[in-house]
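Reading through the structure tokens given below for one structure.
What you are looking at is a predicted structure, and each value in this text was computed from that prediction instead of being measured. Just so we're on the same page: letters track the sequence lines, and every chain starts at 1.
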Amino acid sequence: MSTTEGTQLKAKDFKGKVNPDWCPGCGDFGVLASMQKACAELGLQPHQILTVSGIGCSSNFPGFFNSYGMHTLHGRSLAVASGAQLANHELTVIATGGDGDGYGIGGNHLTHIARRNVNLTYVVMNNQIYGLTTGQISPTSRPGMKTKSTPFGSVETPINPITSAIMAGATFVARGFSADGKQVTDLIKQAIQHRGFALIDVFSPCVTFNKDNGYDFFKPRVKKLEDEGHDASDWKNACEKAMEWGDSIYTGIFLQREAPTLGDCEPVLDAGGPLSQRSISVSKEESQRIIERMM
Amino acid sequence: MSASIVYDYAIAIGGAAGQGIATPGNLLSRIFIRRGLHLNAYNAYQSIIRGGHIFLTLRARDGEVLSHGDKLDLLLCLNQDTMDRHLCHMGPGTHVIFNSDTIKPGEAGEGVNFCGLPIKELTNDNRNKLVQNTVAVGAIVRLLGLEFSVLQEQLEQQFQRKGQAVVDENLGVARAGFEFAGEHFPAASNAMPMGPKPLAVWTGNEALAMGGAAAGVKFYCAYPMSPSTGVLHWMAQNARELGIMVRQVEDEIAAANMAIGAAAVGCRAMTATSGGGFALMTEAIGMAGMMELPVVFINVQRAGPSTGVPTKTEQGDLWQALGASQGDFQRFIVAPTDALDAFKTLPELFNLADRYQCPGILLSDLLISEGTFSADPGEIDLQPEIDRGKLITEDKEGLEALDSAYLRYQVTDDGISPRALPGTKGFQHVLSTDEHDEDGVLISDEYTNPHKRRRMVEKRSRKFDNLESEISAPSLEGAADAQVTLIGFGSTRMVIKEAIEQLAEHGVTANQLAIKWIVPFHGEVVSEIMGKANKTIIVENNHSGQFFRYLRGETGVSADASIRKYDGEPFMPHHIVDGVRELLAGDAKLYVPDQEIMV
């Protein structure tokens with residue numbers, strides 16, 4: 001996390017250049033508001049933050065948020081974000097996107113960025129549907145779900161992002177519900193403050209294309225882990241809670257543990273500040289050493 | 001052969017993977033360069049860790065070595081298979097060295113010196129299977145007319161890490177081979193000279209990695225893929241000393257996108273792969289074009305399509321580089337002609353990529369990348385000029401956090417917009433893979449605006465208006481009025497040069513137009529040269545004439561004929577000589593040489 005400097009900003013100072021183009025009622029509005037609030041409360045400055053998204057409705061996020069941003073290819077936000085984070089580890093890097101982007105086309109990167117424990121925060125606005133392509137199943141769609149690509153109902157087992165991330169070695173794994181802005185804000189703050197890779201899967205209902213998993217579905221079911229006295233240091237317990245999908249669906253921090261980040265394990269970053277700000281010239285001594293070894 | 005060359009000697013070592021060909025190869029290479037002889041080594045191998053057939057050719061000359069050559073002077077057979085395959089290529093006065101305990105000599109042509117080494121006897125029944133290699137190197141050093149001390153120095157260097165006992169064992173068996181050869185075999189007729197000064201040695205991949213380091217690469221990531229992996233190995237080995245972040249990542253898609261992330265925050269970033277990995281990178285290359293970010297992508301070409309022949313060379317990815325990624329966007333494409341050129345090209349490519357804010361593609365191939373070459377240490381400049389272009393790295397003070405005065409994609413006369421790096425106060429913007437306006441705001445969604453789209457397309461394309469002036473124009477090498485002009489791109493330059501020397505001996509005058517820069521391209525210059533030539537022949541390492549078609553497209557001129565090779569093996573000089581003579585004599589438009597050495 002970056003150091004605080006300048007005046008304390010308010011959530012509105014993190015408002016981007018344009019207004020969101022999401023459908024009225026989209027869950028993503030809540031996530032955006034929570035992110036703005038979290039960054040203000042953490043005392044961050046917009047230029048210290050890099051938001052990186054992929055493609056999808058939720059991936060338009062960086063345009064609606066005042067910080068440096070990258071709106072990248074479908075599924076590639078985590079790869080781009082980790083390159084940026086390693087190249088300038090003083091930036092607060094936040095990746096944002098949807099379930100298709102992060103768990104479908106980009107699923108491979110999630111596994112590897114998690115096991116490497118790259119110090120960045122990943123917020124997935126999970127609506128269990130492909131919205132921008134006008135309604136097809138996503139990797140988190142429930143079995144039996146009828147969409148334009150599954151008119152007779154999906155026959156596939158959905159991915160569980162929480163257990164997947166835990167198994168991959170993520171050190172901070174949480175779930176939120178966009179209608180509970182206070183909780184999401186709190187989770188984002190903790191995720192940014194966490195040293196290492198932090199995944200927050202946020203139920204962010206698509207009011208246009210997903211009639212199965214809207215606000216009415218989640219509201220009676222979501223239960224906070226903290227109310228159950230959940231021990232977030234126990235991965236087995238975390239997985240057990242994450243597998244529940246019925247009358248109770250848990251939100252909160254499933255797992256948090258301390259582990260060295262990839263940057264911590266990389267001696268190149270030990271001293272000298274961000275790589276991106278260092279002199280790029282090879283010194284005369286280094287040059288001579290290299291040539292001597294070739295002789 | 002040029003008049004000044006008095007020494008030109010080629011040693012081939014053949015065996016199966018796992019038989020330890022690399023060690024005698026390294027020992028001999030080091031001996032050559034220490035004496036100041038020039039070296040060109042080509043290793044023909046397969047995608048196998050144990051077994052198969054490996055054939056390493058080391059050619060030493062007392063002047064520039066342009067290729068691995070046409071002839072073999074000495075053949076070291078580490079197994080029967082090598083004897084059976086290659087004895088037929090050995091001519092009068094050559095030496096064939098083998099373990100006479102296990103390998104039977106075949107039927108040779110006149111004047112071949114069979115040099116059987118009774119390995120068991122010479123090594124007191126040493127059971128180490130690799131011992132025959134060291135005995136053989138001892139024998140070779142004697143046949144070359146060198147003192148044993150020359151080999152001793154190299155053996156001590158090679159084995160010192162394994163302890164004195166290993167050094168002594170190797171010295172003992174090497175001396176046995178050295179002495180046995182002195183007593184039983186005729187020495188090579190041509191004594192090995194000394195060059196004016198010791199030379200350095202590197203592979204093409206090492207040259208590429210060092211070129212990146214010299215250019216100031218601080219972020220290198222890759223997924224291993226033959227024949228590009230040597231770049232990753234050099235980078236990983238030198239990362240800590242040079243302060244370079246080197247990462248092996250989950251796939252080439254990640255490699256390309258991570259490099260883009262690193263470039264976006266201001267690092268010089270590079271990745272290398274081969275054709276298949278490059279195919280996976282292509283979507284990201286387009287993103288670098290759209291975001292206007294400088295990143296360098298190296299494609300070390302191998303025989304394709306698909307997984308193709310992983311350990312064989314080809315120039316088959318020219319069209320892939322030209323067409324990498326959807327849509328129109330600006331990219332540099334350069335095909336260096338040899339290892340030193342590859343090294344020197346990278347800083348130049350990075351400077352251009354930074355100044356024009358777009359991706360750069362470097363096309364190498366297995367021949368350059370995995371070849372081992374001598375180099376003049378005085379030519380290896382690791383401190384080249386660096387130009388990062390229009391960068392903003394100073395904070396803007398006294399402004400509100402949201403600053404509308406700065407436009408990341410400002411429409412300018414030259415199309416280049418000043419680039420503020422993330423972390424710099426007061427210049428926040430979004431780099432977007434979707435089309436965007438001057439301010440980086442998407443125009444792909446509800447804001448789509450055909451006029452804005454046109455302005456942005458034209459702004460980006462203006463960067464490449466009249467870009468040819470940034471690079472030197474290709475020119476004819478050799479006599480202007482030659483009977484034939486040979487045209488190639490990238491790695492064929494050297495072997496064509498040698499073929500031209502040989503053609504002169506056959507009374508054919510030829511010159512060469514070697515093309516290095518594909519984009520930008522000096523179309524008018526090339527078209528003028530082609531128009532004035534008596535006969536143009538394009539030499540390229542692929543089947544469909546990718547370069548022939550590119551030249552025709554850019555110049556409107558069709559070359560008269562082509563020499564193409566697509567069997568996985570590189571051109572040998574005589575392949576081109578035979579082709580030129582046949583094409584000059586008849587009406588054929590295409591000559592495809594036959595690869596005689598079966599590897």
Side-chain angles (χ1 to χ4, degrees), chain A residues 6 9 13-18 21 45-48 50-52 55 60 62-63 66-73 75-76 78-88 90-91 108-109 111-112 266-269 272 274-284 286-287 289-291 294-295, chain B residues 33 198 200-202 210 213-214 216 218-219 221 238-245 247 249-251 253-254 257-262 264-269 283-284 287 291 375 377 380 382-383 386 401-402 421-434 439 441-442 445-447:
Chain A
L9 299 177
D13 295 316
F14 288 92
K15 196 175 161 309
K17 290 170 181 170
V18 290
D21 54 6
Q45 300 283 317
H47 70 278
Q48 300 169 328
L50 178 69
T51 49
V52 184
I55 294 293
N60 286 352
N66 177 26
S67 71
Y68 280 95
M70 294 183 78
H71 178 239
T72 76
L73 297 168
R76 310 305 161 209
L78 284 180
V80 174
S82 61
Q85 199 281 333
L86 294 168
N88 184 347
E90 287 183 356
L91 291 171
N108 192 29
H109 304 306
T111 300
H112 295 283
E266 182 51 79
V268 169
L269 295 185
L275 280 173
S276 61
Q277 292 167 16
R278 295 186 195 173
S279 158
I280 64 173
S281 301
V282 175
S283 75
K284 203 165 187 179
E286 285 163 346
S287 170
R289 258 203 311 272
I290 290 169
I291 293 170
M294 298 169 64
M295 302 287 288
Chain B
I33 60 148
V201 64
W202 58 4
M210 285 173 57
K218 286 282 162 230
F219 193 92
C221 55
N238 291 277
R240 293 187 180 180
E241 199 173 298
L242 295 174
I244 302 172
M245 172 73 73
R247 304 248 59 93
V249 299
E250 60 270 29
D251 54 32
I253 298 176
N257 283 281
M258 282 177 78
I260 287 171
V265 301
C267 274
R268 279 199 163 172
E283 192 186 20
M287 175 164 74
M291 289 182 169
I380 302 170
L382 282 142
Q383 298 175 300
I386 301 225
L402 182 60
L421 296 180
T424 320
K425 197 173 180 182
F427 297 91
Q428 291 88 263
H429 60 268
V430 176
L431 297 166
S432 184
T433 187
D434 271 26
D439 203 7
V441 172
L442 308 195
D445 299 341
E446 61 173 318
Y447 313 105

### Partners meeting ring-ring contact (aromatic ring centres under 6.0 Å, His included) with A/H109 (sequence neighbours left out)
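A/H109: no ring-ring contact (aromatic ring centres under 6.0 Å, His included) contacts found.
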
### Query
Between A/K17 and B/H429, does a side chain to side chain contact (heavy atoms under 4.5 Å, CB included) hold up when you go through it step by step?
CA-CA 9 Å; A/K17 290 170 181 170; B/H429 60 268; 4.0 Å; yes

### Message
Within the structure provided, determine whether B/V265 and A/L275 are in side-chain contact (heavy-atom separation under 4.5 Å).
### Response
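When only atoms from C-beta onward are counted, A/L275 and B/V265 do not touch, as no gap falls below 4.5 Å.
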
### Task
Answer yes or no: is there a side-chain heavy-atom contact under 4.5 Å between A/L91 and B/P422?
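Yes - at least one pair of side-chain heavy atoms lies under 4.5 Å apart.
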
### Query
Hey, which of A/N108, A/T111, A/L50, A/I280 has the most heavy atom pairs under 4.5 Å with chain B?
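Ranked by heavy-atom pairs under 4.5 Å with chain B, first place is A/I280.
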
### Query
Looking at A/T72, A/N88, A/L78, which has the largest count of heavy-atom pairs under 4.5 Å with chain B?
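Looking at each option in turn, the highest pair count goes to A/T72.
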
### Query
Among B/I260, B/I386, B/L242, which residue forms the greatest number of heavy-atom pairs with chain A at distances under 4.5 Å?
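Among B/I260, B/I386, B/L242, the one with the most close pairs to chain A is B/L242.
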
### Message
Taking every non-hydrogen pair under 4.5 Å, which of B/A375, B/A262, B/P377 racks up the most with chain A?
### Response
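Of the candidates given, the most pairs with chain A belong to B/A262.
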
How close do [X] and [Y] get, counting heavy atoms only, and between which atoms?
{"X": "A/K284", "Y": "B/Q383", "answer": "N-NE2, 3.4 Å"}
{"X": "B/I33", "Y": "A/M295", "answer": "CD1-C, 4.1 Å"}
{"X": "A/M70", "Y": "B/A264", "answer": "CE-CB, 3.5 Å"}
{"X": "B/G426", "Y": "A/H47", "answer": "N-CB, 4.4 Å"}
{"X": "A/P46", "Y": "B/Q428", "answer": "CB-NE2, 3.5 Å"}
{"X": "A/A79", "Y": "B/M258", "answer": "O-CG, 3.0 Å"}

Against chain B, label [X] side chain, backbone, both or neither, depending on which of its atoms sit under 4.5 Å from a heavy atom there.
{"X": "A/L269", "answer": "side chain"}
{"X": "A/V268", "answer": "side chain"}
{"X": "A/I290", "answer": "side chain"}
{"X": "A/T51", "answer": "neither"}

### Query
A/Y68 side chain to B/T424 main-chain N or O, any donor-acceptor pair under 3.5 Å?
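Yes, the answer is positive, given that a donor and an acceptor are paired below the 3.5 Å cut-off.
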
Please classify the contact between [X] and chain A as side chain, backbone, both or neither, with a heavy-atom cut-off of under 4.5 Å.
{"X": "B/A254", "result": "both"}
{"X": "B/I380", "result": "both"}
{"X": "B/A259", "result": "neither"}
{"X": "B/R268", "result": "side chain"}

Report the distance from atom [atom1] of [X] to atom [atom2] of [Y], rounding to the nearest 0.5 Å.
{"X": "A/R76", "Y": "B/E283", "atom1": "CZ", "atom2": "CD", "answer": "6.5 Å"}
{"X": "B/M210", "Y": "A/S287", "atom1": "CE", "atom2": "OG", "answer": "7.5 Å"}
{"X": "B/M287", "Y": "A/L73", "atom1": "CE", "atom2": "CG", "answer": "4.0 Å"}

### Task
Show your working on side chain to side chain contact (heavy atoms under 4.5 Å, CB included) between B/L382 and A/E286 and close with a plain yes or no.
CA-CA 9 Å; B/L382 282 142; A/E286 285 163 346; over 6 Å; no

